[in-house]
Structure formats: structure tokens, C-alpha cells
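Presented below is the structure to which this report refers.
First the proteins, then the strands, lettered A, B, ... as listed; each starts at 1.
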Number of protein chains: 2
Amino acid sequence: MTEDAAARVCSIDLLICARWVVPVEPDRVVLEDHAIAVDDGAIVEVLPAPDAAPKYAPRERVDLPEHALIPGLVNAHTHNPMTLLRGLADDLPLMQWLQEHIWPVEAKTIGPEFVRDGVELAIAEMLRGGTTCCSENYFFPDAQAQVYKAHGFRAMVGLPIIEFPSAWAKGRDEYFERALAVHDHWRGDALIGTTFAPHAPYTVADASFERIRTLSDQLDLPVHLHLMETAREVEDSRREHGLRPMQRLQKLGLVNDRLIAVHMTQVSDAEIATCAEAGVSVVHCPESNLKLASGFCPAEKLRRGGVNVALGTDGCASNNDLDMFGELRTAALLAKGVASDAAAFDDAFALRAATLNGAKALQLDAEIGSIEAGKRADLVAVKMDEVETQPLYNVISHLAYAVSRRQVSDVWIDGARKLANGALIDFDLAGVLENARRWRERIQATRSVG
Amino acid sequence: MTEDAAARVCSIDLLICARWVVPVEPDRVVLEDHAIAVDDGAIVEVLPAPDAAPKYAPRERVDLPEHALIPGLVNAHTHNPMTLLRGLADDLPLMQWLQEHIWPVEAKTIGPEFVRDGVELAIAEMLRGGTTCCSENYFFPDAQAQVYKAHGFRAMVGLPIIEFPSAWAKGRDEYFERALAVHDHWRGDALIGTTFAPHAPYTVADASFERIRTLSDQLDLPVHLHLMETAREVEDSRREHGLRPMQRLQKLGLVNDRLIAVHMTQVSDAEIATCAEAGVSVVHCPESNLKLASGFCPAEKLRRGGVNVALGTDGCASNNDLDMFGELRTAALLAKGVASDAAAFDDAFALRAATLNGAKALQLDAEIGSIEAGKRADLVAVKMDEVETQPLYNVISHLAYAVSRRQVSDVWIDGARKLANGALIDFDLAGVLENARRWRERIQATRSVG
């Protein structure tokens with residue numbers, strides 16, 4: 001190489017060369033034999049692989065000759081500490097499931113230790129399945145944030161507000177104090193963000209919603225809440241407030257582009273138009289809605305109505321996994337049945353909902369959600385040469401309808417490798433599994449003594 | 001050991017000791033630390049592991065210390081040669097998908113070679129996912145049967161009857177001649193059985209149905225057909241015959257305990273009662289029904305009505321996999337949504353539908369479908385100590401809601417090991433994948449020339 005050429009070679013941290021790159025933006029594009037240049041945690045350039053060699057001198061080079069590289073999946077609604085309750089109680093309606101099983105166990109176990117161990121188990125599962133960012137909704141966001149940060153995992157932790165005393169806070173003032181303290185602690189962090197997380201219209205009073213509205217305006221914080229999950233919620237709200245839950249939120253000034261509305265099985269056509277106009281994001285959790293028989297979210301109508309539709313697994317206790325590949329597939333299949341239209345919620349849209357739309361809901365779409373120069377390097381490689389994804393006519397079809405999360409081979413978050421050829425990096429997996437077993441014993445003991 | 005004790009030790013082929021055994025029959029039972037004694041392809045005894053050592057002298061012993069052992073999964077409706085068309089065309093309604101994509105490609109490719117290579121790819125996928133028996137529905141059943149037999153895979157091949165000429169047969173008489181020849185060839189085989197497979201009421205004439213009725217009575221053969229898959233099928237039948245498809249079949253004498261009715265999204269309450277009374281089996285294919293927006297099969301109503309409900313993936317081209325763990329999970333989730341009842345189609349029932357009910361539909365329930373002494377040893381081990389199935393409170397819950405098919409570690413069919421610790425045995429996987437790639441190129445070429 002001449003001195004002149006060497007001068008033009010750019011030193012970078014990482015070059016990833018993949019058989020296929022699905023950047024998500026531009027939409028519906030599959031780039032063959034492309035390279036991603038990464039430096040200092042950011043994507044520097046996406047370019048044909050043959051052009052990369054003369055241009056970049058990477059400190060590390062990763063070849064993915066049979067893989068599709070996609071943006072990291074964004075789980076826009078989860079309760080990850082509840083991963084410790086996976087399969088504890090199934091096949092029950094929402095209120096019976098909560099009141100007779102989940103809440104009694106939580107009452108005896110919730111605390112920073114439960115939250116830390118649950119989140120750590122969830123991180124292992126998420127990384128192995130290609131999820132690189134999640135939006136949390138649980139108690140002890142401080143403990144959650146610490147674990148996510150320690151593992152270099154990107155998370156938006158919800159600051160819980162609910163009108164019941166809990167191990168986290170005794171009353172309204174304490175919920176707000178602790179929320180603001182957590183927000184303040186993590187302000188400006190590269191990986192950890194916060195949202196306000198009022199539980200739901202039926203568990204949060206107008207006075208709290210009014211404070212949330214003021215604070216979310218002042219601090220520019222998203223508001224993440226369960227909304228219109230069941231028909232009963234709508235009926236109860238009408239009886240109690242004379243308004244549908246969404247009307248009540250409108251009256252309270254919360255229906256705007258900061259609102260992350262989760263579930264929305266009962267959303268009306270008029271409300272879809274309102275959401276689109278106001279810039280509300282909807283997080284569709286199809287598997288949880290099915291499992292709890294909560295109703296069918298009209299996901300295709302929301303999409304056609306111009307609403308930003310993201311996807312979430314919901315907590316592991318009502319799913320029972322954190323599998324975003326499974327969730328996007330269920331979303332794509334179910335939306336067709338619900339819309340009576342086999343063209344609904346197609347493969348490319350399902351992948352977009354699970355990546356860029358999730359990022360947008362969390363106000364992170366300038367940073368993540370697609371493979372574009374300037375964004376952070378949250379990247380996932382999927383090995384496509386396995387029996388279950390052969391033959392291969394269409395990469396995006398397979399990512400939506402055929403891939404298993406167990407085909408995820410490599411994961412990077414913010415440019416740091418978290419999974420290499422299926423193995424977690426710098427992760428005490430045995431210790432995490434041992435903790436899960438210990439929690440199982442503690443929880444079983446709690447239940448048998450009643 | 002004394003001579004007396006040695007005399008009481010029974011020499012057998014195989015002893016499998018598992019942490020959990022879920023026999024399916026008796027229903028809802030989980031046996032801890034149990035052993036399965038297998039000899040000459042049959043289950044000799046199911047007993048506590050500590051009792052097995054003094055009683056049996058196995059030639060091979062397999063320990064599964066972190067596994068659940070279940071009966072092999074039964075895929076009661078598939079078109080496995082179409083595995084070569086996986087992901088060829090998606091997000092299209094049934095008729096457009098068939099007429100513009102699937103049928104034109106099939107017209108140019110169908111033949112024994114296509115069928116053989118497709119079935120072989122499907123066998124690899126099925127074994128890796130814990131399926132040990134399938135019910136086929138495609139052309140060239142002779143070629144299918146040969147491949148299944150060569151791989152020691154249990155299959156019921158459908159003898160196709162349709163009023164269109166095809167590469168398999170030119171007209172009605174030839175379809176029946178070839179059907180009877182295949183039936184005759186495989187009569188009495190330990191692994192391969194046959195069913196009549198008239199395609200659907202809208203593609204088969206009364207005269208053919210009458211011949212099928214006579215022959216199925218004489219030969220005691222099940223009749224496997226697509227029935228009431230879409231609302232349009234019902235409307236067309238009413239217009240053409242003045243009858244709903246099921247009424248027409250009743251008139252033709254085909255509604256009896258030999259009938260395997262696939263899809264049934266349009267089944268009425270009265271027809272559910274008729275099915276229960278007549279002993280009809282229904283094969284529910286939830287993922288295919290969703291993907292093609294065919295309608296929602298009332299699976300829970302069928303179950304409560306006393307109908308034998310089995311599960312099928314349908315062909316890989318409309319699913320897009322042969323994952324029976326995925327299918328039973330989708331069935332369990334979707335039925336709750338459709339029935340508006342979170343207790344519907346519970347975990348244990350989903351597992352039963354995917355095993356014993358499938359066997360019953362195929363008239364194989366005396367041989368397979370549960371882990372009981374006297375049945376053939378079709379067994380599947382699932383590794384439960386992975387992140388995705390921890391903690392573990394309830395084995396059956398995890399098998400239904402959390403397990404990925406990639407956790408299947410070991411598979412036996414008729415006592416012969418087909419998968420050991422995740423690896424296929426005596427299987428030229430590289431060759432099968434190479435064939436799949438070659439078919440992809442041939443089919444792509446076919447399409448681009450129009």
C-alpha cells in the first residue's frame with residue numbers, strides 16, 4: 001500500500017461483514033454482502049463489503065457468511081423482574097391471575113434482590129434472543145437500572161406510580177419523590193433512560209395523572225401505561241368517570257406524542273384517528289392479550305390509521321417468554337386473522353414494529369432501531385443456513401415467519417459484543433440460573449404455607 | 001448378585017431415565033425420576049427410576065437428568081414436499097397465493113424427485129423439533145412413503161384424489177388405481193400407513209366421494225380432507241350443491257369416525273354436535289388459518305363439545321415451519337382469545353392435542369400418542385435447564401408456553417434413536433441442505449422466466 005493510500009485508510013473499532021443486511025430503514029431493503037463499520041459504539045458507514053477492505057482498518061473484524069444482520073430488537077413493554085414468576089400460574093383470567101396468584105407472591109417477595117435477580121435472568125434470555133433494548137414497567141427502577149447498566153444493556157426503566165402502598169413507596173408523595181430521584185440519577189446516561197409509568201387508568205387517580213402531566217412536560221419524559229387492556233376496564237371507567245379511559249386521559253392532557261399506550265385491545269376507530277393525530281405510540285402485546293383473553297388489538301387498523309405500532313412481550317408471567325422473534329411472528333399472524341386480510345401486517349412491517357417503531361415509541365429513534373450511519377451499533381446476527389430456514393427465497397420472510405430466536409448468533413449493544421456465536425460474553429450464566437432456582441424454592445415455600 | 005436375583009433381571013434393549021416423564025395418559029400427570037424400559041421397539045414398563053436398576057439389564061442406558069420425556073409429537077396435517085417452497089410467497093390470500101404462486105411453481109416442479117427431497121428436508125426439521133409422526137397430504141405418496149421408511153419415520157401418507165390431472169395421475173380412474181396400488185404396497189407396514197386424501201369438497205366430485213366411501217369402508221382407511229377452511233368455501237357449496245360442505249359429506253355417508261376434517265374454521269354449533277356424535281376428528285391448524293386469514297376455528301368449543309381435536313402445521317409454505325411446539329402454543333393462546341376465556345385450551349390439553357389426539361385421528365392411538373406399556377417407543381426428550389425455561393414451577397406449563405423446539409435433545413421412533421443430544425443420527429444433513437439450495441435455484445429460475 002502506498003503512503004497515500006494508507007493515509008486514506010480509516011482506523012475503526014469493528015468491521016462486520018454479513019451475507020445479508022436488513023437495515024429496516026430504508027424500508028423493505030435487503031443488502032447483500034455488506035459491511036458495517038463501527039467506531040466508538042456508533043455505526044460509521046454501511047457499504048458493500050468489497051468497498052470496506054480498502055477503506056477501513058478495523059481493530060476487530062467479524063465475518064457472518066451465512067447470516068442476516070438486523071437492528072437489535074426493541075421490547076417496548078415488559079416487566080422483567082417477573083421473569084422469576086414464569087409459569088407460576090397459567091390458564092386464568094387477568095383479575096384472578098393477578099389477585100390470587102401474582103400479587104400475593106409479589107407481596108411476599110418484592111424487593112431490590114428479587115428485581116435484580118429477575119432482571120439478570122431476563123437479560124440472559126433477551127440477549128440470546130436478539131433483544132437489545134427494553135422498556136421496563138415494575139417496582140424498584142433503581143435496582144433495575146443498576147443491573148442493566150452493569151450488563152451494558154439498553155433500557156428505559158419505568159418510574160412506577162400507583163395508588164397502592166408497595167415495598168417501593170408508601171404513598172403518592174413517596175412514589176413521586178423516588179421517581180424523580182431515579183430520573184435525576186440516570187439523566188444523560190448513554191444506556192439507561194426513564195419513563196413515567198403510571199400503572200393504568202384504573203389504578204391511578206386524576207391527581208397523580210395531573211402531576212405526571214406537568215412533570216413529563218417539564219422533563220420531556222415519555223408516559224408508559226397499560227391502556228384499555230380489557231372491555232371491563234372500559235366499562236368500569238365509564239361507570240366511575242363517565243368517560244372511556246382514553247377520553248379521561250385526553251381530559252387530563254396526556255394524549256400526546258409522549259404517550260406509550262400498551263395493549264389497546266378496546267381502541268375504537270375514532271380513538272385510532274386521535275392517536276394518529278396526537279402522535280401516540282401503541283405497544284401491541286399479542287401473546288399476552290391472547291393468553292389472558294383480554295381481547296384483540298386491531299393492530300392492522302392502527303397501522304393503516306398511521307399510528308406508530310411497536311411490540312412488547314409483556315411480562316414473562318403472562319407470555320411466558322421474552323421472545324421478540326416469536327412476538328413479531330404472532331403479531332404478523334394474528335393481525336391477518338383479526339383483519340380478515342392475509343396481506344395485513346406483512347413480514348417487513350412486523351420486523352419494523354419490533355425495531356424502529358419500538359425505538360420511536362421510546363423516543364430513541366434518533367439513536368437506535370435501524371442500521372444507519374450515525375446510529376448506535378445495536379446489532380443482531382441471525383444464522384440463516386439451518387434446516388428450519390432452508391431453502392431461502394426471501395430473507396425478510398424468514399426473519400418474520402421461520403426464524404427461531406435460537407438462530408441468533410451474535411449481538412452487539414452500543415458497539416460492545418454481548419453474544420458471540422450463541423454464547424453470552426462476560427456473563428455468569430451458572431450463577432444466574434442458580435439464583436433462579438433459589439427463587440423458585442423460596443416462592444414455592446411461600447405458596448405452600450399460604 | 002445371587003443367581004436367583006440374576007434370573008429375575010430382565011434383558012432389554014434400552015432404559016431411559018428422565019428427571020420428568022409426562023406420559024399424557026394418564027392425563028395431566030408428571031412423573032418425577034422415572035424410567036422407561038424399551039425392548040424390540042415397544043415400551044415394556046414405566047416405573048420409578050430406582051426400581052428399574054434391579055429389574056432391568058439394558059443393552060443401552062440413557063440418562064436425562066434435566067429433561068422432560070414426552071410422547072413424540074404428531075403432526076396431523078402437513079404437505080411436507082412443500083417444505084421446498086418455504087417463504088416463496090407470503091402475505092397473500094388463499095386463492096391468490098395458490099393460483100398465482102404455489103400452483104404455477106408446482107406445475108413446473110412436481111415429480112418424485114421434488115417430493116423425495118422435500119420430504120427429506122421436512123424429516124430433518126421434524127426430528128429436530130420433536131415430531132415423530134406425520135399425516136401427509138400431497139402427490140406421489142409412493143415417493144413419500146419410501147423416504148419416510150428409509151429414515152425410519154412414522155407417517156400416514158395420503159392417497160390423493162382430485163378432479164384435476166396432475167403429474168401423479170391423469171384422471172379419476174388413474175387416481176384411484178394408483179391410490180390402491182400404494183395402499184396395497186404398504187399394507188401391514190410397521191411405520192407407514194395410508195389414508196384417502198380427497199383434496200377438498202370444492203375440488204372433488206360426488207362420484208369420487210362415493211368411491212372413496214365404499215373403499216374406505218372396505219379397507220378401513222381414514223379419510224383425510226380439507227373441510228370448511230374459509231367462508232367462501234361454504235358459500236360456494238351452498239350455491240352449487242344447495243348444502244354446506246359438511247351436509248354434503250353427510251349425504252355422501254362420509255361423516256363417521258374415519259373422517260379427519262382439517263381446518264373447520266366455519267364449523268357451526270350443530271355441526272360440532274354432529275362431529276362429536278359421529279366420532280369425527282378435527283385437525284386444527286391455527287398458524288395456517290391465521291396466515292391465510294381463513295378464519296378462526298372454534299377449537300375450545302370443539303373440545304368442550306367432545307370432539308377429538310388434533311393439531312397440524314399445514315404445509316410449510318403457509319406457516320412457514322413444521323414446529324409442533326410452536327403450533328401447540330399458538331393453539332393454546334389463540335383458543336383463549338377466540339373463546340374469550342383464559343382457561344380455554346389449557347397447557348395439558350394443548351400437549352394432548354399434539355400427541356394422543358393426533359394419534360387417535362390417525363387411528364394410531366393403540367400404538368402411539370402416550371407413554372404407556374405396550375405402545376411403540378416414540379419418545380422425545382426436552383432439555384429444561386436452559387435460561388428460557390427457568391425457573392421451573394410446572395413442567396407442563398413450560399412444555400406448552402415456554403419451550404422452544406430447539407430444546408429437543410433426543411428422539412426415538414419405534415425404539416430407534418433418531419436424534420442424540422441435538423444431532424441427527426445416520427442423516428446426511430449436508431446433502432439435504434445442498435438439495436434444498438439446488439431446488440431454490442431451479443424454482444427461482446422457473447419464476448423469473450414466468
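In this structure, Glu287(B) CD and Leu311(B) CG are separated by 10.0 Å, a value rounded to the nearest 0.5 Å. For the atom pair His263(B) NE2 and His284(B) NE2, the distance stands at 11.0 Å (nearest 0.5 Å). To the nearest 0.5 Å, the span separating CZ on Arg303(B) from NZ on Lys301(B) amounts to 15.0 Å. The line from CG of Leu127(B) to CZ of Arg405(B) is 12.0 Å long, rounded to the nearest 0.5 Å. To the nearest 0.5 Å, atoms CD (Glu388(A)) and CD (Gln407(A)) are separated by 6.0 Å.
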What pairs of donor and acceptor atoms, side-chain ones from residues 421-433 of chain B against any protein atom, are under 3.5 angstrom apart with sequence neighbours left out?
| from | atom 1 | to | atom 2 | distance (Å) |
| --- | --- | --- | --- | --- |
| Asp428(B) | OD1 | Gly431(B) | N | 2.9 |

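Using modelled atom types, no side-chain atom of Arg86(A) and backbone atom of Leu392(B) make a donor-acceptor pair closer than 3.5 Å. Listed for the Lys418(B) side chain is a donor-acceptor partner under 3.5 Å among the backbone atoms of His151(B). In this structure, the side chain of Glu66(A) does not engage the main chain of Lys383(A) through any donor-acceptor pair within 3.5 Å.
Contact of Thr389(B) with chain A is made through the backbone alone, with heavy-atom distances under 4.5 Å. For Ser340(B), the part lying under 4.5 angstrom from a heavy atom of chain A is the backbone only. For Leu92(B), the part lying near chain A is the backbone, with the side chain staying farther off; criterion is any non-hydrogen pair under 4.5 Å. Only the side chain of Arg329(B) comes within less than 4.5 Å of a heavy atom of chain A; its backbone N, CA, C and O stay farther away.
Interface check for chain B: of the options Pro391(A), Ala343(A), Ala124(A), the most heavy-atom pairs under 4.5 Å are formed by Pro391(A). When Gly87(B), Ala339(B), Ala400(B), Ala122(B) are compared by the number of non-hydrogen pairs under 4.5 Å with chain A, Gly87(B) comes out ahead. Ranked by heavy-atom pairs shorter than 4.5 Å toward chain A, the options Asn394(B), Leu334(B), Leu84(B) are led by Leu84(B). For the set Glu125(A), Arg437(A), Arg438(A), the entry with the most heavy-atom pairs within less than 4.5 Å of chain B is Glu125(A).
Side-chain contact check for Asn289(B) and Thr265(B): no donor-acceptor pair (N or O, by modelled atom type) lies under 3.5 Å. With hydrogens and angles left out, the side-chain atoms of Asp91(A) and Tyr401(B) include a donor and acceptor closer than 3.5 Å.
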Leu85(B) and Glu106(B): CA distance, side-chain angles, deciding distance, side chain to side chain contact (heavy atoms under 4.5 Å, CB included) verdict: CA-CA 9 Å; Leu85(B) 307 180; Glu106(B) 285 183 333; 4.2 Å; yes
Leu290(A)/Thr330(A) under side chain to side chain contact (heavy atoms under 4.5 Å, CB included): CA gap, chis, key distance, verdict: CA-CA 10 Å; Leu290(A) 289 173; Thr330(A) 300; 4.3 Å; yes
Chi angles and distances behind the side-chain hydrogen bond (donor to acceptor under 3.5 Å, both in side chains) call for Thr131(A), Asn75(A): CA-CA 7 Å; Thr131(A) 296; Asn75(A) 188 344; 5.5 Å; no
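Residues from residues 314-326 of chain B that place a non-hydrogen atom less than 4.5 Å from a non-hydrogen atom of chain A comprise Asn319(B), Asn320(B), Asp321(B), given in numerical order. Residues of residues 344-352 of chain B lying within less than 4.5 angstrom of chain A, judged on heavy atoms, are Asp346(B), Asp347(B) in numerical order. Within residues 291-299 of chain A, the residues approaching chain B closer than 4.5 Å by heavy atoms are, in numerical order, Lys291(A), Leu292(A), Ala293(A), Phe296(A).
With respect to Glu113(A) and Arg442(A), a salt bridge is recorded, a charged nitrogen being found less than 4.0 Å from a carboxylate O.
When each of Asp117(A), Thr83(A), Thr109(A) is tested with Trp439(A) by the rule side-chain hydrogen bond (donor to acceptor under 3.5 Å, both in side chains), just one qualifies, namely Asp117(A).
The closest side-chain heavy-atom distance from Glu100(B) to Met95(B) is not below 4.5 Å.
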